[in-house]
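Values below: every heavy atom of this structure, side chains too, minus hydrogens, waters and symmetry copies. Convention: sequence-line order gives letters A, B, ...; per-chain numbering from 1. Model, not experiment: these values are computed from the prediction.
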Amino acid sequence: MSVASPYPKAVPEANRYIGQRSRKLKGDQFLTGKTEYVNDLELLGTVHMSVLRSPHPHARIRNVDLSRVRQDPRCISALDGEEAKQHADPIPHFISAAVFGGKYNDVRVIATGKVTYRGQIVAAVVAPSRGDADALLDLIDVDYEVLPFVLDGDEALEPGAPLLYDTEGWEDNVVIRIPFVEGDFDAAAAGADHTLEDTFYHHRYSTQPIETRGYIASWDPRAEAYTLHFATQNPHPLRWVLSAALRVSEAQIRIIAPTIGGGFGLKMPGHPEEGLTCVFSRILGKPVKWIEERDEALLLGAREHFHRFKVAFNADGKIVGLRNHFTANVGSISACPGWGMAFLAGLSFPTGYKIPATDVVVTAVTTNKAPWQAARGYGKEGPQIVMERIIDLVAEATGIDPAEVRRRNFINKDEFPYKTNSGLNIDSGDYHQALETALKLLDYDGFKAKQAAALAEGRHIGFGIAFELTPESADIPGTIVGGYDTSTVKMDPSGKVTLLTGVTTPGSGNDGGIAQIVADTLGVDLDGITVIQGDTDICPYGFGNYSGRSMVSGGNAALLAARDIRVKLSKVAAFMLEAAEDDLVFDQGKISVAGTDKAVAIKDVANVIYTLAFATAHMVEPPLEATRVYKPDNIVHFPDEKGRIQPYPTYSNAVHVAIVEVDTETGKVDLQRFGVLHDCGNMINPMFVEGQMHGAAVMGFGAALSEECKYNADGSLAADRFKTYMMQRANEIPMVEVEHQVTPSPFTLLGVKGAGEAGVGGAAGAIINAVNDAIRPTGARLRRTPASPIHVLAALKEAQ
Amino acid sequence: MSDTIHIELTINGAAKSADIDPRLLLVEAIRDTFGYKGTHIGCLTGDCGACTIELNGEIEKSCLVLAASADGGEIRTIEGIAPDDGGLHPVQQAFWDEYGFQCGYCLPGMLFAALDLIESNPTPDEAQIRHAISGNYCRCTGYNNIVTSIQTAAQRMAAAK
Amino acid sequence: MIKNRFQYLAPTSVEEAANLLAASPGDTEVIGGGTWVVVEMTAGDRDPRRVIDLKNAGLRYIREEKGAVVIGARATYTDVVRSAAAAKLPALVAMAAGVTGGGQLRNRATLGGSACYGNPSSDVPGLLVGLGATLTVRSAGGTRSIAAADFFTGPLRTALQTGELLESMTIPVPAGMKQGYYKFKLAESSWPICTGTALVGADGSATVTIGAANCRPVTVTGSASDLDGLARAAEAAITSPFSDTLADGEYRKQIAGAIAKRAVKAAV
Ligand SMILES: Cc1cc2nc3c(=O)[nH]c(=O)nc-3n(C[C@@H](O)[C@@H](O)[C@H](O)COP(=O)(O)OP(=O)(O)OC[C@H]3O[C@@H](n4cnc5c(N)ncnc54)[C@H](O)[C@@H]3O)c2cc1C
Ligand code: FES
Ligand code: FES
């Protein structure tokens, strides 16, 4: 693998950290139970919050009576929605649909007036222990006027459907309708050899890190400031959200995100409990703690799309037109960024395929389900699954091999950067090669014979392919979703390096990856670098963790900052060694003159810079500190002539392949092998990249096979614990076999692309295609996710 | 009804006692009463395994046990896995070397399940490893590197014998 | 943390346990392993004033007695897997080894607890009925025996009366018959959706008990050489299919025949 040299005289190849499988920073702390997560923090005088949630999916709140609870000696404080209004304004929406011409509704820390989903907060209490706080909820009396409700996205669009919001502008339940139309689909269809129409239902599922959300808010009445220990992916943006809601300046809020036990989008800002713990803390002057329970975490779903598509294609398998008008049931309105996934689902069609005429329209509709929250993949997984279904349907209709149909429709490697119909500017790739490698991984060519032999024994095995395009490192204009980030590199007088960055790690190891970049740039030992993330008072401004951005933005910013330090070290070292700067090599803690044995320790140079600022180090400006921002190329927010913007700098891609066996008596799918060819450009640490892909792919397995936010007819969440929201376990899946291809990004300094989101949609798509391949001889077709035994058996029965 | 109940335990070799609220789950007592925060809570329904400890020589999910019920018990937590010399246990070492965790939240369940397996089966194959850790969820790693870590640990431990 | 206070009791004999239970049965919960009841207390679904923990009541045993295996109510799935006596009942061992939740769960959860909980969507009820077990229950007044087929009376309902607790389960070793157990789950995390316990005689006669699919386990008889006939009988026997969040009864009924066949195959 070749890594573009990020500095003048590269650290000798053998000693480089970049490209190495360096171990996770502070791994021993994690392994011995010393790492502190939010729930582990004990602040003196902490009291505990519990929230009362609406038992109705849609109701007017007539009255909340807190008198009984307030009489109980365990009750330290209690609030209803009207009271909370005195303390907090509406929560600013992290990504407001109104910015894109959609509708807006106030979201408050406690509901006022109306509840629009079962589980919405209607009151909250604080007690000495969480157990007591939970017990107190039984003493709150709420009088509801129950209203008719709607759970289904299509039904919510029908005239006469219950209206969720009676505030201005809400004449129907449509949050936003966004067209992505290019070319003339009807003309393309009229001129094509064939057309086909079908539907696909992409169900609701969610993130579920093993650590739930957790917040400890403390208001210091003397300093008039908050210190918030919050398990959040985005400390700085959250500070902005809270300052607006809590009527304080951003300077009055310090957010310290401790180690996070997984995020995947769940821990992005906008949740009412964030502001609510702050409100109580301000009232009480004490730390207020709230840890989310699993059934609360399961309320927040993502993705529920109903796709109705029509494809126009020729006998040679070339697709000439795609129409897909789909609904996205985004649940109730929240201040969290979840709904935006619907936007990106539309924007991402038709992924990596060249289709001249596209007519894609997404309608985001609000219903009486709980809101969406951002989830890994952030909307792009829907198009991946559906496009790959479409390719297979075209293959079936034309009788052409599905791999070949992909080859015939892929963007060619010499066509990059390639502007898609929706305006995305895909940076680079070699999709054809990626496909070939992936197919070999699971011996595609040999599979047909195996399949026939199995079928002769009555066994149904299938092979599924899914290409995956993953736009990463987004910058969404007009929102607090930034595509750039900031890093600070400091070298102290003893030569030790501290790295502070605005990106955060939910466990992915980006702290280590960024440190690798800095270590190489400065020629220092990786273990000597201290990384600090997640503290708004200490770290430079940054957006935190989402959209596979840590290396692209934070990593490249650290590279720039480290280079600035290096320039100073280099000048002083050249003076000390009486050599030309061009001849200096930084390596293993030393700066030496190439081809000689003259060398000086980096720590000595650092010391000279601090202590001999007017002598040896006269030519540089102390201290050794640099803060730099990295704004990747390729993001274009000025609309083009068609009004389209280009919010992503990088586009990683992957080809997923899966082999399944379907038990046609029960509908159960056994995933037997799974492989993926992944191309995210240059890799700083392939082990971390692979780890991301392993985890994302297995989330995709869950999406394809078992995870489902099922609702009961009464509007309550049926899948409210891990017994019913079934994630994949180790003994039902095979290894995720990963291979890499490296097509560097031409638009980022290190040639890196985003990694971390890729995998969910691709894996799910490959499995759904494999299931369909396996059951094809029965005449059945699965038109939905998940391919759980119940849905697969239903499809099989329907074909009988 | 007395408000508290007296319990005595050993945790990682140290004798501990406390008068506890009978409502406490063992995981809560271990974390909050006795301060061993390395044992995590992920579900409180017995599904995730993040609260795993060893109780009287057997691995258990400590959210399924009342603290009162563990009275007299001998407990080992994740903090008690490493040898006293400050180094790591070979299983921990392998998890670090093989990147067997990301956020680390699931480690109590994964490490104890691995220890339990290797003790009874020093040369486990992939299927046996996958079965042994099936009581634990990991949302980050897709289990790949956990399986590899346990394989590596078993091999190294067998070689060291 | 469990939200309301309760008194914790750990009696040291089954008689003492029965007496304590008799004192105030209405507001008391019995804890076997606790994997159900503690979770439900944590979730606030159960709110007892008193808790009787059977851990010291001497009920953790498995022994052979007169051609039968007697399992104390507190014996865990792990105990079954490790027991020499239980090895006479391969279907029982297969069932115990196949309980999910990892070693951690099998080390704690008891067969007795599962029997008393009476959730149709579980392993123990179908297995006990399929192997013709008898349950011994105790109250302050003494003990009585109940055939497993009569014990499971419906979803989350058993023949246990107020003030009674389960003492042991006696499973006859079926001489000259092969045993098989097969469980179907939607995924590894799923409850059992349909189970089959089969006894196959030397003459090929087969008895299959289907668990988890019906509100009560159902038993059908036929011949191991006519699997399709057995399958049809099994499906037809599902007259009150059991539904829960994971799977509705219709699905369970649809697969019951296939599961019956697989249980017989597991035995042969
Ligand atoms: C992660 C996980 C995985 C699981 N997997 C499976 C599985 O694969 N298959 C399966 O069938 N089940 C499974 N279960 C359910 C499991 O909890 C039960 O099968 C278990 O055996 C219950 O036993 P227990 O001793 O823990 O019950 P407890 O919680 O102690 O008791 C259950 C009920 O029985 C009562 N009770 C207990 N003992 C007695 C007694 N002696 N007399 C009177 N009443 C009594 C209690 O009051 C309570 O109402 C799983 C549970 C978890 C948490
Ligand atoms: S917290 Fe105990 S198993 Fe999840
Ligand atoms: S490493 Fe995050 S849950 Fe396992």
With a 4.5 angstrom heavy-atom cut-off, could you sort out which part of [X] is near chain C: side chain, backbone, both or neither?
X: Tyr137(B); answer: side chain
X: Ile133(B); answer: neither
X: Glu58(B); answer: both
X: Cys48(B); answer: neither
X: Asp32(B); answer: neither

When rounded to the nearest 0.5 angstrom, what distance separates CZ in Arg50(C) from CD in Glu29(C)? 11.5 Å
So what's closer than 4.5 Å to chain B heavy atoms on [X]: side chain, backbone, both or neither?
X: Val51(C); value: side chain
X: Thr100(C); value: neither
X: Asn4(C); value: backbone

May I ask you to decide whether Asp53(C) forms a salt bridge with Arg74(C), counting only side-chain N to carboxylate O separations under 4.0 Å?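 Salt bridge flag = no for Arg74(C) with Asp53(C).
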Check: Asp123(C)/Thr195(C) side-chain N/O donor and acceptor closer than 3.5 Å: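 Side-chain D/A pair, Asp123(C) to Thr195(C): absent.
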Modelled atom types, side-chain donor and acceptor of Asp116(B) and Gln104(C), under 3.5 Å: no
Max heavy-atom pairs within cutoff under 4.5 Å with chain C, candidates Ile59(B), Asp21(B), Leu44(B), Asp71(B), goes to Ile59(B)
Out of Val27(B), Leu24(B), Asp47(B), Val65(B), return the one with the most heavy atom pairs under 4.5 angstrom to chain C. Val65(B)
Tell me, yes or no, whether the heavy-atom count around Lys16(B) atom NZ, taken from other residues, nucleotides or ligands under 6.0 Å, exceeds 12.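 Counting neighbours around NZ of Lys16(B), more than 12 heavy atoms of other residues, nucleotides or ligands fall under 6.0 Å, so yes.
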Within the supplied structure, the quantity of interest is the number of heavy atoms (other residues, nucleotides, ligands) at a distance under 6.0 Å from Asp45(C) CG; does it exceed 12? yes
Tell me, do Phe6(C) and Thr28(C) make a side-chain contact under 4.5 Å, heavy atoms counted?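 Phe6(C) does not reach Thr28(C) side chain to side chain.
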Shorter than 4.5 Å, heavy atoms on both sides: which option in Arg82(C), Glu40(C), Met41(C) has the most such pairs with chain B? Arg82(C)
Kindly determine whether Leu25(B) and Leu66(B) satisfy side-chain contact (heavy atoms from CB on, under 4.5 Å), including the steps that lead there. CA-CA 4 Å; Leu25(B) 299 174; Leu66(B) 293 178; 4.3 Å; yes
